[in-house]
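To start, the structure under review is shown below, and the notes come after it.
Below, read A as the first sequence line, B as the second, and so on, with proteins coming before strands; counting in each chain starts at 1.
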Protein chains: 2
Amino acid sequence: MIQAIDRAARVLTSLQGARHLGITELAGILELPPSTVHGIVKSLQAHGLVAKEPGGQRYMLGPALLKLSNVYLDTLDVRARAMRWTQELARRTGLSARLGAELFDEVIIIHHNRRPDGSQQMLETGLTIPSHASALGKVLLAYHPSAADALLATPLRSLTGDTITDPAALRVQFAQIVERALAFEEDEAVLGESSVAVPVADRSGTVIAAVSVVMPSSEWPPEAGVLNDLRETARNISRELGFTSWPPAVSPRDDD
Amino acid sequence: MIQAIDRAARVLTSLQGARHLGITELAGILELPPSTVHGIVKSLQAHGLVAKEPGGQRYMLGPALLKLSNVYLDTLDVRARAMRWTQELARRTGLSARLGAELFDEVIIIHHNRRPDGSQQMLETGLTIPSHASALGKVLLAYHPSAADALLATPLRSLTGDTITDPAALRVQFAQIVERALAFEEDEAVLGESSVAVPVADRSGTVIAAVSVVMPSSEWPPEAGVLNDLRETARNISRELGFTSWPPAVSPRDDD
DNA sequence: TTGCATATTCGACATTGTCGAAAAGCGTTC
DNA sequence: GAACGCTTTTCGACAATGTCGAATATGCAA
């Protein structure tokens with residue numbers, strides 16, 4: 001691990017949390033001398049990864065990140081394949097559909113279809129949810145034991161009163177998830193919101209993403225038709241990616 | 001400029017261009033030994049800025065960029081203020097509206113409202129356009145002379161047959177743009193598409209963004225009403241940002 | 001204007017990244 | 001099915017590079 005790059009990435013992460021920070025504040029967070037931090041920030045700024053806030057002496061994240069992330073989304077094969085299927089899923093179920101991928105101990109939403117009723121809904125692409133509190137995340141963890149082991153070895157944060165933070169309880173769920181290729185979550189991330197998720201596998205059989213539908217907890221549990229639509233969606237996407245032997249199995253991974 | 005960070009950023013830029021690259025390919029592009037590149041890529045990967053492509057030995061941009069860029073958009077004060085005004089602009093004019101900011105020699109679209117007719121339109125947020133070929137970009141250059149000087153000192157790329165690549169011609173336009181607080185572009189970026197843009201200034205009077213409406217070239221030129229709506233929009237956003245003495249003037253900048 | 005806090009510059013030092021060489025994987029060909 | 005060639009990955013000595021203290025400049029507040 002190259003120190004300078006590690007520090008640069010930590011600068012970005014700090015700005016991700018705090019939005020606007022001066023050199024001294026950053027130096028405090030990173031426990032480094034201000035002059036060192038200054039050199040790092042200037043280097044990032046030269047590439048547009050960090051920008052000086054207009055009319056201030058503090059720094060914020062830079063526009064180059066937006067361009068990079070746009071290309072990132074374009075690069076994702078799963079996303080391109082999944083889009084038409086999730087749209088159909090949202091249409092058939094009348095619910096909002098999400099496609100999520102693993103980002104360390106969180107799930108990041110890489111595509112989203114609003115529920116068709118047209119109610120005002122925010123743009124969710126790019127949002128992250130702690131894996132243990134979401135159906136998407138539980139799917140990804142269930143099929144990625146080494147990540148699950150690492151996560152369960154740390155204390156888990158509770159987001160609502162209903163978030164499951166007990167490692168043993170989660171392990172039981174993971175086993176059931178793999179067995180049924182289906183994960184649930186009731187009010188565990190957001191009160192009043194529940195979801196169901198299924199795995200998406202690529203040609204090698206590795207689970208690389210998950211699809212979910214989100215519904216008001218008042219409509220819980222989902223009808224059997226919804227579960228079938230969801231399963232079909234994941235199956236269709238996986239098939240497009242070259243995976244045919246549904247359901248997927250837990251596969252050992254390199255993790256490198 | 002810290003060398004390691006510069007190299008890391010160049011890795012990201014290379015992946016932005018090529019989507020998928022192996023260590024050897026990257027080493028070729030950056031003109032560095034593969035072992036050096038490997039160290040850099042691994043460091044970026046540890047922070048999710050780069051990821052190994054599923055089932056391959058090449059690398060691509062990573063999901064952490066999406067999270068960072070989402071926070072970037074959230075931190076932009078202009079964007080938050082502008083959204084309701086551009087929506088109104090799109091509604092009144094029946095055209096698609098854009099909000100753009102400077103990213104080196106390009107404009108990056110930080111917000112977008114589709115034209116209300118509901119035709120299928122792609123998501124433009126995050127797209128970049130060479131500044132000299134867009135109305136948004138020409139506004140930003142006209143109010144940022146040092147950037148304009150730097151850009152005009154380099155050869156300009158032609159995107160369509162109508163792209164203006166002559167520095168002298170552009171300088172003439174810049175003068176007119178500042179005078180009228182209005183920039184035009186006819187088929188200069190995309191054939192069949194033309195646009196008009198106006199500056200957005202912050203409390204200090206610095207032009208930090210631009211708003212535009214895009215229309216089919218067949219509807220060119222825009223009616224006076226459109227120009228008025230556009231001007232009003234920019235004025236309202238600027239006022240929300242604390243700038244009152246419309247129109248903005250070219251202001252000297254630190255550029256640091 | 002003065003004073004304080006923060007950002008920025010500079011340069012000597014030694015920590016840190018670099019890069020050649022060697023090893024390990026992977027895919028492909030014969 | 002085994003051996004080749006290509007690419008990725010590991011390792012460690014060297015010196016180039018980043019680091020950080022001190023000094024300076026800048027900006028904000030009183």
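Taking 4.0 angstrom as the limit, A/Lys52 places none of its side-chain polar atoms (N or O) nearer than this to OP1 or OP2 of D/dG27. Phosphate proximity of C/dA7 to A/His38: absent, as no side-chain N or O sits under 4.0 Å from OP1 or OP2. The side chain of B/Thr24 contributes an N or O atom lying less than 4.0 Å from OP1 or OP2 of D/dT8. Look at B/Tyr59 and you won't find any side-chain N or O under 4.0 angstrom from OP1 or OP2 of D/dT7.
The heavy-atom pair separating A/Ala82 from A/Leu99 by the smallest distance is CB-CD2, 3.7 Å.
Atoms CZ and CG, on A/Arg58 and A/Leu15 in that order, are 10.5 Å from each other to the nearest 0.5 Å.
Under a 3.5 Å cut-off, the side chain of A/Thr154 and the backbone N or O of A/Leu151 do form a donor-acceptor pair.
Side chains of B/Lys138 and B/Gln173: a donor-acceptor N/O pair is present below 3.5 angstrom, by distance only. A donor and an acceptor atom, one from each side chain of B/Asp105 and B/His132, are nowhere located under 3.5 Å apart.
Shown for residues 13-23 of chain B: residues whose heavy atoms fall under 4.0 angstrom of DNA chain D, namely B/Gly22, B/Ile23.
For the pair B/Gln57 CD and C/dA24 C1', the interatomic distance rounds to 14 Å; values are reported in whole Å. Protein atom CZ of A/Arg58 is 12 Å distant from nucleotide atom P of D/dC28, rounded to whole Å. Taking atom CD on A/Glu53 and atom C1' on C/dT6, their separation rounds to 13 Å, with Å as the unit.
One finds a salt bridge joining B/Asp149 and B/Arg171 here, because a Lys/Arg side-chain nitrogen approaches an Asp/Glu carboxylate oxygen to under 4.0 Å.
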**OP:** At under 4.0 Å between heavy atoms, which parts of nucleotides 11-20 of chain D does protein reach? Answer with one letter per nucleotide, 5' to 3': B base, S sugar-phosphate only, - none.
**Re:** ------SSSB
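In this structure, B/Met60 and A/Leu76 have side chains that are in contact, with non-hydrogen atoms separated by less than 4.5 Å.
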Subject >> Criterion side chain to side chain donor-acceptor pair (under 3.5 Å) on A/Glu240 and A/Trp85, from CA distance to verdict >> reply: CA-CA 11 Å; A/Glu240 276 205 25; A/Trp85 296 109; 2.9 Å; yes
